[in-house]
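Here the structure is laid out as structure tokens; the discussion comes afterwards.
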Amino acid sequence: MPDPLSAPPGPLVDVPWLAAHAADPRVRVVDCRWYLGGRRGADEYARGHIPGAVHLDVDADLSAPPQGGPGRHPLPDAAAFAGVLARIGVGPETLVVGYDDAGGAIAARLWWLLRYFGLPGGRVLDGGLQAWTAAGHPLSTDAPAIAEAPRMQLVAGGAPVADKAAVDRVRRDPAAVILDARARERYEGQTEPVDARPGHIPGARSAPFAENLRAPAGPFRERAELERRYRDLGALEATTVICYCGSGVTACHDLLALATLGRADAILYEGSWSDWARDAGLPAAKGSDP
């Protein structure tokens with residue numbers, strides 16, 4: 001069986017690689033499907049998933065309760081995340097491949113959390129479930145029986161995080177760039193379906209995660225296109241780069257794209273707009289890019 005440690009060094013793997021390695025016990029495939037309202041990822045998983053995959057939920061597994069920190073999806077603590085990984089059989093040498101049906105927008109949260117807790121073996125399936133089925137591979141409705149792994153002693157801090165006070169300082173620095181990964185209409189304040197008020201952090205630039213993709217919910221753009229995009233946004237030359245979204249989930253997609261371009265030092269604003277918007281003492285801007 002091919003060695004999973006031969007996985008591409010970047011954060012993405014493609015369908016041929018996963019098809020060759022998915023049955024390897026050292027690889028854990030994770031279905032990360034999750035939706036802002038209505039549909040449940042667990043239900044979609046039950047209807048059909050990549051064979052051998054387990055399901056993790058953004059709310060229950062990849063976040064702390066909303067009362068436990070800033071915004072709608074605070075980061076889980078080390079003990080809680082270690083428990084999640086133990087439950088799905090992940091150890092320090094496991095290569096974890098997350099996928100979704102949203103171009104990696106949700107799976108990127110799992111990839112980022114693994115980095116945050118010092119585990120380098122995280123990958124995202126480029127193109128997600130659609131790429132898997134388009135290549136003719138089957139889906140399964142069977143939930144795999146997986147033995148629990150020993151619980152790891154995780155330590156936070158393997159990837160940088162900012163709170164609202166830090167973001168408020170950085171937004172005044174002309175050498176820094178803040179990127180907003182939400183849809184452009186939310187950035188501009190035309191609509192706000194879930195958070196306390198519309199708009200964006202003053203000085204932030206609109207960088208919708210969907211524009212990292214060749215097509216909606218499709219694979220990532222070629223490296224040269226991504227490089228051109230983030231250079232135009234000023235993110236490749238900036239001294240500091242902070243990414244945010246509604247609640248710190250899809251911002252990880254911009255962080256993943258930046259990591260492929262060598263900016264693994266880009267920072268997640270944990271609480272994101274859901275944290276900023278509910279603080280009446282912080283300003284909000286509307287309209288297009290500054």
Side-chain angles (χ1 to χ4, degrees), residues 11 62-64 69-76 104-106 108-117 156-184 186-189 192 195-212 226-227 229-279 281-290:
L62 305 183
S63 307
R72 287 183 280 111
H73 289 115
L75 299 178
I106 313 301
R109 169 80 168 201
L110 174 60
W111 164 81
W112 187 90
L113 281 173
L114 291 165
R115 286 185 62 224
Y116 179 65
F117 287 111
V161 179
D163 60 15
K164 64 185 177 184
V167 175
D168 196 30
R169 289 193 302 271
V170 169
R171 73 181 181 86
R172 306 164 197 272
D173 180 355
V177 167
I178 299 176
L179 300 180
D180 185 322
R182 298 174 300 161
R184 205 171 292 276
R186 287 184 71 189
Y187 169 89
E188 293 178 353
E192 181 45 66
D195 290 318
R197 51 182 166 147
H200 60 265
I201 296 170
R205 303 177 188 186
S206 180
F209 78 84
E211 294 181 15
N212 291 326
L226 287 175
E227 185 168 349
R229 179 185 191 214
Y230 284 96
R231 193 173 301 283
D232 290 346
L233 286 163
L236 300 188
E237 293 79 23
T239 56
T240 303
V241 181
I242 294 178
C243 297
Y244 77 95
C245 57
S247 64
V249 175
T250 60
C252 295
H253 199 272
D254 278 0
L255 292 167
L256 188 154
L258 284 162
T260 69
L261 301 175
R263 287 301 308 246
D265 61 335
I267 301 165
L268 175 68
Y269 173 18
E270 177 183 357
S272 286
W273 185 247
S274 60
D275 178 50
W276 187 279
R278 68 188 182 193
D279 186 337
L282 293 171
K286 293 184 180 181
S288 57
D289 283 348

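Heavy-atom basis, side chains included; hydrogens, waters and symmetry copies ignored. All of these numbers come straight from a predicted model, not from anything done at the bench.
Atom SG of residue Cys252 and atom CG of residue Leu113 lie 6.5 Å apart, to the nearest 0.5 angstrom. Going from atom CG of Leu179 over to atom SG of Cys243 covers 4.5 Å, rounded to the nearest 0.5 Å. To the nearest 0.5 angstrom, Leu258 atom CG is 9.0 Å from Leu256 atom CG. Put simply, CH2 on Trp112 and CZ on Phe117 are 8.0 Å apart, with the number rounded to the nearest 0.5 Å. Expressed to the nearest 0.5 Å, how far CD of Glu227 lies from CG of Leu261 amounts to 6.0 Å. Separating the CG atom in Asp275 from the CD1 atom in Ile201 is a distance of 9.0 Å, to the nearest 0.5 Å.
At a threshold of 4.0 Å, the pair Asp180-Arg186 does not count as salt-bridged, since none of the basic side-chain nitrogens sits closer than that to a carboxylate oxygen. In summary, Asp168 and Arg172 engage in a salt bridge, as defined by a charged side-chain N under 4.0 Å from a carboxylate O. Using a cutoff of 4.0 Å between basic side-chain nitrogens and carboxylate oxygens, Arg182 and Glu192 are scored as salt-bridged. In this structure, Asp265 pairs ionically with Arg263, as a charged nitrogen and a carboxylate oxygen lie closer than 4.0 Å.
In this structure, the side chain of Arg205 engages the main chain of Leu233 through a donor-acceptor pair within 3.5 Å. With Trp276 contributing its side chain and Pro283 its backbone, the two residues share a donor-acceptor pair below 3.5 Å. Listed for the Glu270 side chain is a donor-acceptor partner under 3.5 Å among the backbone atoms of Leu75. Thr250 places no side-chain N or O within donor-acceptor distance of the main-chain N or O of Cys245, the cut-off being under 3.5 Å.
Taking both residues in full, the closest heavy atoms of Leu282 and Lys164 are given as CD1-CD, 4.0 Å, listed atom of the first, atom of the second, then distance. The shortest heavy-atom contact between Ala251 and Ala181 is CA-CB, 3.8 Å. Summarising the geometry of Val241 relative to Ala238, their closest heavy-atom pair is CG2-CB, 4.0 Å, with the distance given to 0.1 Å. Heavy atoms only, all atoms of each residue included: Ser272 and Gly248 are closest at OG-N, 3.3 Å. Across Val177 and Gly234, no two heavy atoms sit closer than the pair CG2-O, 3.5 Å. Closest non-hydrogen pair, Gly287 versus His200, comes out as O-CE1, 3.5 Å.
Side-chain contact between Tyr230 and Asn212: present, with at least one pair of heavy atoms (C-beta onward) separated by less than 4.5 Å. Contact check for Pro198 versus Lys286: side-chain heavy atoms found under the 4.5 Å cut-off.
A donor-acceptor contact closer than 3.5 angstrom links the side chains of His73 and Ser247. If you check the side chains of Arg109 and Ser63, you find a donor sitting under 3.5 Å from an acceptor.
Contacts of Tyr269 classified as ring pair (Phe, Tyr, Trp, His ring centres under 6.0 Å), with partners at least two apart in sequence or in another chain: none.
Applying the ring-ring contact (aromatic ring centres under 6.0 Å, His included) definition to pairs two or more places apart or across chains, those involving residues 239-265 are Phe209-His253, Phe220-His253.
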